[in-house]
Q: 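Shown below is the structure under consideration.
The figures here come from the full heavy-atom set of this structure, side chains too, leaving out hydrogens, waters and symmetry mates. Counting begins at 1 with the first residue of the sequence.
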Amino acid sequence: MNSMRIRRTALAVAAAVVLPFSLAACSDSGSDTKAASTPVADDAAKSGGSTPADSTMTSDKPFGAACAGVPAEGAGSFDGMAKDPVATAASNNPALSTLVAAVKQAGLVDTLNNATDITVFAPTNDAFAKIPKADLDKVLADKATLTKILTYHVVGQKLTPKQLENGSFETLQKGMVTTKGSGESYKVNDTSKVVCGNVKTANANVYIVDTVLMPK
């Protein structure tokens with residue numbers, strides 16, 4: 001009996017000694033798990049931090065009140081125009097039909113389509129309608145004059161909205177155009193307002209304007 005009591009006492013003492021170490025080990029294991037999970041949480045937070053950078057891409061989109069009139073899909077949409085050279089792209093935009101007819105009349109379709117990295121200030125149909133019909137018909141019938149006017153609307157480089165803030169650029173007609181503005185409000189030669197800007201085609205940036213520009 002005495003020997004059994006001694007054994008039970010020894011087991012109880014051993015348990016009392018081992019149990020705290022076991023609990024401590026479990027506690028340490030839990031703290032290790034928490035510590036290990038922290039870098040993962042940090043990485044997730046870091047990956048979420050890339051969202052603001054993506055939002056800056058919207059600054060390269062077309063802007064202006066008249067952009068609402070551009071078809072949402074098809075060849076005349078912004079995506080469709082981006083796939084075609086500028087004269088072809090313009091022909092798919094109903095608001096530019098008078099300009100397209102003038103470009104064809106002047107024989108400039110291939111010139112514009114084959115040009116590299118240009119900017120076109122494209123007058124709307126309403127812009128041409130501001131010109132008295134007799135005067136417009138006279139210009140359309142005079143190929144040399146028509147060519148001068150149309151090439152005055154073309155700059156030999158792709159212009160960004162930032163460059164339009166206070167710019168002066170030589171045109172294909174060899175005259176100069178000036179631009180002023182900021183944000184989504186720009187004017188060319190202080191008279192022609194950009195109504196839909198930063199429209200991309202395969203070879204050009206297009207700024208649709210509300211007044212026909214006349215060479216200085």
Side-chain angles (χ1 to χ4, degrees), residues 62 64 66-67 69-71 74-78 80-161 163-164 167-179 186-216:
C67 291
V70 175
S77 67
F78 292 128
M81 292 179 71
K83 297 174 183 177
D84 292 322
V86 64
T88 302
S91 70
N92 293 319
N93 188 323
L96 301 177
S97 59
T98 304
L99 172 63
V100 171
V103 168
K104 290 179 179 178
Q105 184 73 13
L108 293 173
V109 172
D110 289 340
T111 299
L112 294 178
N113 276 349
N114 294 328
T116 302
D117 294 338
I118 59 175
T119 293
V120 177
F121 295 104
T124 62
N125 295 344
D126 290 340
F128 281 100
K130 292 180 181 180
I131 303 173
K133 187 178 186 305
D135 294 340
L136 180 59
D137 289 343
K138 185 177 180 180
V139 169
L140 292 174
D142 185 342
K143 186 174 181 179
T145 300
L146 181 61
T147 299
K148 287 181 181 179
I149 293 173
L150 293 177
T151 54
Y152 183 66
H153 289 74
V154 184
V155 174
Q157 60 178 304
K158 283 187 176 181
L159 300 177
T160 64
Q163 289 174 288
L164 299 187
S168 180
F169 310 99
E170 183 177 346
T171 69
L172 296 191
Q173 182 267 340
K174 301 303 181 183
M176 302 295 292
V177 293
T178 59
T179 58
Y186 297 92
K187 280 189 174 182
V188 185
N189 289 353
D190 291 322
T191 58
S192 190
K193 182 180 179 181
V194 174
V195 293
C196 183
N198 207 30
V199 178
K200 305 299 175 59
T201 74
N203 67 329
N205 284 352
V206 177
Y207 293 87
I208 300 174
V209 295
D210 69 353
T211 304
V212 176
L213 305 173
M214 293 298 175
K216 296 182 179 180

Q: Residues two or more places apart in sequence or in another chain: which of them pass side-chain contact (heavy atoms from CB on, under 4.5 Å) with Ser168?
A: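 Ser168 satisfies side-chain contact (heavy atoms from CB on, under 4.5 Å) with Met176, Thr178 once adjacent residues are dropped.
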Q: Going by side-chain contact (heavy atoms from CB on, under 4.5 Å), name the residues that satisfy it together with Lys148, two or more places apart in sequence or in a different chain.
A: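 Residues passing side-chain contact (heavy atoms from CB on, under 4.5 Å) with Lys148: Gln173.
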Q: Please, which pairs that meet side chain to side chain donor-acceptor pair (under 3.5 Å) have at least one residue in residues 150-159, sequence neighbours excluded?
A: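 For residues 150-159: Tyr152-Asn189.
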Q: Show the numbers, then the answer: is there a side-chain contact (heavy atoms from CB on, under 4.5 Å) between Val194 and Ile208?
A: CA-CA 6 Å; Val194 174; Ile208 300 174; over 6 Å; no
Q: Would you check, one step at a time, whether the test side-chain contact (heavy atoms from CB on, under 4.5 Å) holds for Ile118 with Thr116?
A: CA-CA 6 Å; Ile118 59 175; Thr116 302; over 6 Å; no
Q: Hey, what do you get for OH (Tyr207) to NZ (Lys193), rounding to the nearest 0.5 Å?
A: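 Reported to 0.5 Å precision, the distance equals 16.0 Å.
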Q: Side chains of Val199 and Met81: closer than 4.5 Å at any heavy-atom pair?
A: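 Side-chain contact under 4.5 Å: yes.
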Q: With Lys200, which residues qualify under side chain to side chain donor-acceptor pair (under 3.5 Å), at least two apart?
A: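 Asp60.
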Q: Could you tell me which residues satisfy side chain to side chain donor-acceptor pair (under 3.5 Å) with Lys133, sequence neighbours excluded, listed by chain and number?
A: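 Partners of Lys133 under the side chain to side chain donor-acceptor pair (under 3.5 Å) test: Asp137.
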Q: Tell me, with the steps shown, if Asn125 and Ser97 meet side chain to side chain donor-acceptor pair (under 3.5 Å).
A: CA-CA 7 Å; Asn125 295 344; Ser97 59; 3.0 Å; yes
Q: Sequence neighbours excluded, which residues qualify as side-chain contact (heavy atoms from CB on, under 4.5 Å) partners of Asp135?
A: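 Here the qualifying residues are Ile131, Pro132.
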Q: Return the OG to NZ distance between Ser77 and Lys83, rounded to the nearest 0.5 Å.
A: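 Answer for the OG-NZ pair, Ser77 versus Lys83, is 7.5 Å.
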Q: For Asp142, enumerate each residue passing the salt bridge (Lys or Arg N to Asp or Glu O under 4.0 Å) test, keeping only those at least two apart in sequence or located in another chain.
A: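 Partners of Asp142 by the salt bridge (Lys or Arg N to Asp or Glu O under 4.0 Å) criterion come out as none, since no residue qualifies.
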Q: If you measure only the distance, is there a donor-acceptor pair under 3.5 Å linking the side chains of Thr119 and Asn205?
A: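 No, no side-chain donor-acceptor pair sits under 3.5 Å.
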Q: Closest approach of Ala102 and Leu140, non-hydrogen atoms and distance?
A: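 Here Ala102 and Leu140 meet closest at CB-CD2, 4.0 Å.
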Q: Sort out for me which residue in Val120, Asn113, Thr111, Leu112 forms a side chain to side chain contact (heavy atoms under 4.5 Å, CB included) with Val103.
A: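 Output: one option passes, namely Leu112.
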Q: Could you tell me whether the side chain of Asn114 reaches within less than 4.5 Å of the side chain of Pro85, counting heavy atoms only?
A: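 A side-chain contact is absent here, since even the closest heavy-atom pair is not under 4.5 Å.
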Q: Which residue pairs pass the disulfide (SG to SG under 2.5 Å) test when at least one of the two sits in residues 110-141, sequence neighbours left out?
A: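 Applying disulfide (SG to SG under 2.5 Å) to every pair that reaches into residues 110-141, excluding sequence neighbours, yields nothing.
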Q: If you round to the nearest 0.5 Å, how far is CG of Leu172 from CG of Leu150?
A: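 Separation between the atoms: 11.0 Å.
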Q: Side chains of Thr179 and Phe121: does their closest heavy-atom pair fall under 4.5 Å?
A: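 Sidechains of Phe121 and Thr179: in contact.
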Q: Please walk me through it: do Leu99 and Phe128 pass side-chain contact (heavy atoms from CB on, under 4.5 Å)?
A: CA-CA 8 Å; Leu99 172 63; Phe128 281 100; 3.8 Å; yes
Q: Which residue pairs pass the disulfide (SG to SG under 2.5 Å) test with at least one member in residues 187-216, sequence neighbours excluded?
A: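 Sorted pair list: Cys67-Cys196.
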Q: Test your reading of the model: is there a side-chain donor-acceptor pair from Asn93 to the backbone of Pro71, 3.5 Å cut-off?
A: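 No, the answer is negative, given that no donor and acceptor are paired below the 3.5 Å cut-off.
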Q: For Thr211, check side chain to side chain donor-acceptor pair (under 3.5 Å) against everything at least two apart and list the hits.
A: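 For Thr211, the residues satisfying side chain to side chain donor-acceptor pair (under 3.5 Å) (neighbours in sequence not counted) are Lys130.
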Q: Calculate, to the nearest 0.5 Å, the distance between atoms CG and CG belonging to Asp117 and Leu159 respectively.
A: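 The CG atom of Leu159 is 11.0 Å from CG of Asp117, to the nearest 0.5 Å.
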Q: For the residue pair Pro123 and Leu96, what are the closest heavy atoms and their distance?
A: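 Closest approach of Pro123 to Leu96: O-CD2, 3.5 Å.
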Q: Partners of Lys104 by side-chain contact (heavy atoms from CB on, under 4.5 Å), sequence neighbours excluded?
A: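 So Lys104 forms a side-chain contact (heavy atoms from CB on, under 4.5 Å) with Val100, Val109.
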Q: Are the side chains of Val206 and Thr201 in touch, meaning some heavy atoms are under 4.5 Å apart?
A: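 Contact flag for Val206/Thr201 side chains = yes.
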Q: Nearest heavy-atom pair of Val86 and Ala204: which atoms, and what distance?
A: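 Distance-wise, the nearest heavy atoms are CB-CB, 3.9 Å.
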Q: Within the side chain of Thr147, is there an N or O that forms a donor-acceptor pair under 3.5 Å with the backbone of Lys143?
A: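 Checked: pair present.
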Q: Is Asn198 reaching over with its side chain to a backbone N or O of Pro161, donor-acceptor style, under 3.5 angstrom?
A: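 Not confirmed, Asn198 side chain does not pair with Pro161 backbone.
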Q: So Phe169 and Leu164, side-chain contact (heavy atoms from CB on, under 4.5 Å) or not? Walk me through it.
A: CA-CA 10 Å; Phe169 310 99; Leu164 299 187; 4.3 Å; yes
Q: Sequence neighbours left out, what passes side chain to side chain donor-acceptor pair (under 3.5 Å) with Gln105? Give chain and number order.
A: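 Side chain to side chain donor-acceptor pair (under 3.5 Å) list for Gln105, sorted by chain: empty.
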Q: State, with a plain yes or no, whether a side-chain heavy atom of Val209 is found less than 4.5 Å away from one of Thr124.
A: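 No, side chains not in contact.
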